[in-house]
2 protein chains.
Amino acid sequence: MGAFWQNGYVATSVSDVVRETGLNTASMYKEFGDKDGLFREALGYYRGHVIGPRYQILRDNPNLAGVETFLKNVLTGAAKTEYKGCLMMNHLAQKHAISPEAAEQVEAFCAEIESLVETALRNAQSDGDIAPDKDAKELASFIVFCVHGAVLYGRHDSKKDEISVFYDMIIGALKH
Amino acid sequence: MGAFWQNGYVATSVSDVVRETGLNTASMYKEFGDKDGLFREALGYYRGHVIGPRYQILRDNPNLAGVETFLKNVLTGAAKTEYKGCLMMNHLAQKHAISPEAAEQVEAFCAEIESLVETALRNAQSDGDIAPDKDAKELASFIVFCVHGAVLYGRHDSKKDEISVFYDMIIGALKH
DNA sequence: CCAATTTTAAAGTAGTTATTTTAAAACAGT
DNA sequence: ACTGTTTTAAAATAACTACTTTAAAATTGG
């Protein structure tokens with residue numbers, strides 16, 4: 001998975017994955033079918049074990065506190081992962097280079113995030129924690145938009161190992 | 001340039017470029033040396049003729065009005081370009097797959113943007129247009145961070161062809 | 001018009017790619 | 001211990017990669 005994460009789908013050869021995992025080439029093809037199946041497996045694992053858990057906070061706390069904690073985690077953690085960026089979002093920038101099925105897998109996850117955030121923000125509005133006159137869906141889009149920025153920004157700017165300075169600005173934008 | 005833009009460096013073969021440009025293979029190698037030279041040429045052209053001009057507004061108007069216009073252009077125009085995303089920023093997500101020289105070319109441009117925005121914001125503070133207690137450099141980072149978000153977000157979300165709804169939130173964050 | 005230079009098309013090279021095949025090795029159940 | 005199955009290593013394949021060479025065609029300058 002590391003190779004896909006760091007170098008992208010096209011720049012990662014099946015041999016790279018074989019070397020990295022220690023799997024046997026033939027049994028790998030029997031298990032996953034082809035390179036694309038292998039990549040989709042990596043996406044699934046990443047979603048289930050690496051990035052998915054980060055969003056659990058939004059499920060456990062579907063309110064402003066959950067959004068704040070989540071955002072703080074994303075903004076401070078973006079540059080601290082083993083590899084830079086996000087296996088999924090890195091591939092948003094090379095959508096045409098991966099299979100439609102894999103692309104759909106990535107986008108479905110983005111949609112799920114957006115929906116999680118939207119629910120939390122809707123509750124935050126009921127709680128009177130954020131501006132009630134704004135569209136929760138639009139605010140959720142804005143949060144995901146910022147997550148995208150964090151991913152790409154955190155990946156490229158090696159001088160900054162945390163971008164939490166933006167936290168107040170984003171939270172502030174939700175409130176008025 | 002289109003192939004590099006749409007598919008990324010690795011997923012673009014020299015044959016693709018030859019087909020796209022109509023250039024002769026041999027004369028292309030004589031002119032640009034190798035694939036990397038070709039890519040750097042594309043980066044240079046993109047910077048000079050495609051994306052560079054978009055930042056001219058910041059040079060002509062190094063103040064809040066310039067930043068506002070620039071942001072508006074970026075946020076409304078991100079999803080309207082011929083190809084999605086930005087030739088340069090798309091490659092920030094695959095930094096390891098391009099040459100160090102090309103990566104440096106991309107990062108130098110990012111640094112230049114950041115510096116342009118910083119100058120404009122510093123002037124905006126002198127003009128009393130934005131919060132004077134904030135660090136102009138940090139605010140400039142935030143703007144570039146948002147531009148990254150716009151690039152990646154605009155590339156992946158096909159349902160939204162403009163993300164200008166975020167404009168008010170970003171500008172608002174500068175002011176208080 | 002002719003010689004010199006540049007451009008072009010096309011074939012060729014050497015390496016890598018994803019994927020398959022072959023056949024030996026390991027393992028399983030009885 | 002033997003049989004059937006799975007796993008493994010290694011070689012083979014066919015397509016593609018970046019890149020080079022060859023030699024013909026076009027273009028230039030005097």
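Within every chain, numbering begins at 1; the chains are lettered A, B, ... in the order of the sequence lines, protein sequences first and strands thereafter.
- The shortest non-hydrogen separation linking Ile98(B) to His91(B) is CG2-CD2, 3.7 Å.
- Phe32(A) has its CZ atom 14 Å from the P atom of dT19(C), to the nearest Å.
- Distance from the side chain of Ala26(A) is smallest for dA9(D) among the nucleotides dA9(D), dC19(D), dT8(C).
- Residues Gln125(B) and Arg122(B) have side chains that never bring a donor and an acceptor to within less than 3.5 angstrom of each other.
- The backbone N or O of Gly8(A) lies less than 3.5 Å from no partner atom in the side chain of Gln94(A), so there is not a single donor-acceptor pair.
- Rounded to an integer number of Å, the gap from CG of Asn24(B) to P of dA11(C) is 14 Å.
- Nucleotide dT19(C) holds its P atom 9 Å from the CG atom of Asp36(A), rounded to whole Å.
- A ring-centre distance under 6.0 Å is not found for Tyr46(B) and Phe109(B).
- With rounding to whole Å, Asp16(B) atom CG is found 11 Å from dC16(D) atom C1'.
- The OH-P distance, from Tyr9(A) to dA18(C), rounds to 8 Å in whole Å.
- If you measure from atom NZ of Lys30(B) to atom P of dT22(D), you get 14 Å, rounded to the nearest angstrom.
- A sub-4.0 Å separation between OP1 or OP2 of dT7(D) and a side-chain N or O of Ser27(A) is absent.
- A straight line from CE of Met28(A) to C1' of dT21(C) spans 16 Å, rounded to a whole angstrom.
- In this structure, NZ of Lys35(A) is placed 9 Å from P of dT17(C), rounded to the nearest angstrom.
- Of the listed nucleotides (dT20(D), dA18(C), dT17(D)), dT17(D) has the atom at the smallest distance from the side chain of Ser13(B).
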